[in-house]
Number of protein chains: 2
Amino acid sequence: MSGTREKLLAGALRALAEHGIAGVSARTVAAAAGVNQALVFYHFGSVDELLATACRHGAEQRVAHYRDRLAQVRTLSELLALAWELHAEESAAGHVAVLAQLLAGAQTQPRLVPATATGLGLWVEEIEQVLNRVLAGSPLAEFVDLAGLARAVAAGFVGLELYEGVDRDGAERALAALDQLAGLVTALDELGPVAQRAVRARLRRGGGLGGGL
Amino acid sequence: MSGTREKLLAGALRALAEHGIAGVSARTVAAAAGVNQALVFYHFGSVDELLATACRHGAEQRVAHYRDRLAQVRTLSELLALAWELHAEESAAGHVAVLAQLLAGAQTQPRLVPATATGLGLWVEEIEQVLNRVLAGSPLAEFVDLAGLARAVAAGFVGLELYEGVDRDGAERALAALDQLAGLVTALDELGPVAQRAVRARLRRGGGLGGGL
DNA sequence: GTCTATACATGGATAGAC
DNA sequence: GTCTATCCATGTATAGAC
């Protein structure tokens, strides 16, 4: 058992948050874990393999930490409130930063792709379930692919985290604007049948917007 | 003049796209630029300084490349169509990837913060102007801070780019969902006065959603 | 399983010839 | 301004003692 594996996994996440993907190495991770550098290779074979394992491990922990609270959400307003809460908590603890760094690394390191896809996928899965439950029967679910929306939300969180790192005020304005936009959508969702019918009619005419994809 | 500076700036962007922030070095950049490694330090003093300069330089080029097309946009639908077009072009050319890598690096490298903030800021500025023009007098501008929305859009682009690198299909679903959501908002924007009044009344009651910020 | 020691490669940075 | 050569720090990975 020895716990060294666990120390290394935690150390990898800490080192990623502190030094970024460009600054992690067997030595920095081992230092953060308080163990000998050679043990990285004994237990995981390579630094990348350790990072990949730590990614899955960390994402599982974080998602599990919110599963109960997510399961209790019943309305769109509650979901948005929890989303801001979750963002504040996870961002402050550096967990979003870790995911962002791993995603950046995965862009040019194929060995990191499966792990980061899985890590982000765990969040997507959870968000998707909540959206499906909360928006069941809503006009929103009628016109928007909720699985796609869940993916956009997860990716958006990562982008905002990176933005926050270089412009905190700007990121707060962005969050506030999204809050207002979400309020708008919620209002639409709670409209009376007359107005909803008008929106539906307009949407049936236009369909999506048919962008470049 | 010598053009070596320019070669290095272009080489830095190429190296960032190919090797990521974790893989750039004076040697990889010089190789991409086709010049001697020592010239990085002669012209820029350090690798970080070169990356920072390349970031501003690249962002200016890219924004200038779209300024005309952005200036011609008159409606929200046109804006969204251009947005997807822009995303497809810039993403394919690796320009969004460069910004994402620099943002990731800036999280733990204070020396990169001003340059990346400026680089992303150029995009934000442009987006903000278009939003203000296109949504002037619209109910959307009434309830959503457009400057904040511009920042959210820019950050979202970066997040989607990173997500696309690990899950192309997922990213396409996300974009499609955003397209649908944008269509919904457009529909709202184009509603008749009766429905708009209902939305306004609902919003005045609820205000924003008052999240964790 | 863990430590020390070490090999070997890569990267930042500078000196000095041209 | 550019190139070669080089120093030194850091990083990966392994061997072998404990």
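First the proteins, then the strands, lettered A, B, ... as listed; each starts at 1. Computed from a predicted structure; not experimentally measured.
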**Request:** Using the test ring pair (Phe, Tyr, Trp, His ring centres under 6.0 Å), find all partners of B/Y163 that sit at least two apart in sequence or belong to another chain.
**Result:**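 Applying ring pair (Phe, Tyr, Trp, His ring centres under 6.0 Å) to B/Y163 gives none.
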
**Where protein sits on nucleotides 3-18 of chain C, one letter per nucleotide: B base, S sugar-phosphate only, - none, heavy atoms under 4.0 Å** = SB------BBBB----

**Rounded interatomic separation in angstrom, taking CG from A/L50 and P from D/dG11** =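 Rounded to whole Å, this separation is 15 Å.
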
**Prompt:** Taking CD from A/E49 and C1' from D/dT12, how many angstroms apart are they, rounded to a whole number?
**Reply:**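 Going from CD in A/E49 over to C1' in D/dT12 covers 15 Å.
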
**Pairs where residues 133-157 of chain B contributes a residue and the test salt bridge (charged side-chain N to carboxylate O under 4.0 Å, His left out) is met, not counting sequence neighbours** =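 Those involving residues 133-157 of chain B are A/R173-B/D145, B/E128-B/R151, B/E142-B/R200, B/E142-B/R204.
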
**Passing candidate, side chain to side chain donor-acceptor pair (under 3.5 Å) with A/R67, options A/Q129, A/Q72, A/E126** =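 Per the side chain to side chain donor-acceptor pair (under 3.5 Å) rule, the option paired with A/R67 is A/E126, out of A/Q129, A/Q72, A/E126.
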
I'd like to check the side chain to side chain contact (heavy atoms under 4.5 Å, CB included) partners of [X]; sequence neighbours left out, ordered by chain and number.
X      : answer
A/R62  : A/H65, A/Y66, A/E90, A/H95, A/W123
B/E164 : B/H87, B/S91, B/E161, B/R168, B/A171
A/S25  : A/R27, A/T28
A/A177 : A/Q180, B/V144, B/L149

**Angle of first-five versus last-five pair axes in the helix from C/dG1-D/dC18 to C/dC18-D/dG1, to 10 degrees** =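 Here the local axes at opposite ends form an angle of 0°.
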
**Request:** Keeping to residues at least two apart or across chains, list the ring pair (Phe, Tyr, Trp, His ring centres under 6.0 Å) pairs with something in residues 10-40 of chain B.
**Result:**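 Of all non-adjacent pairs touching residues 10-40 of chain B, none passes ring pair (Phe, Tyr, Trp, His ring centres under 6.0 Å).
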
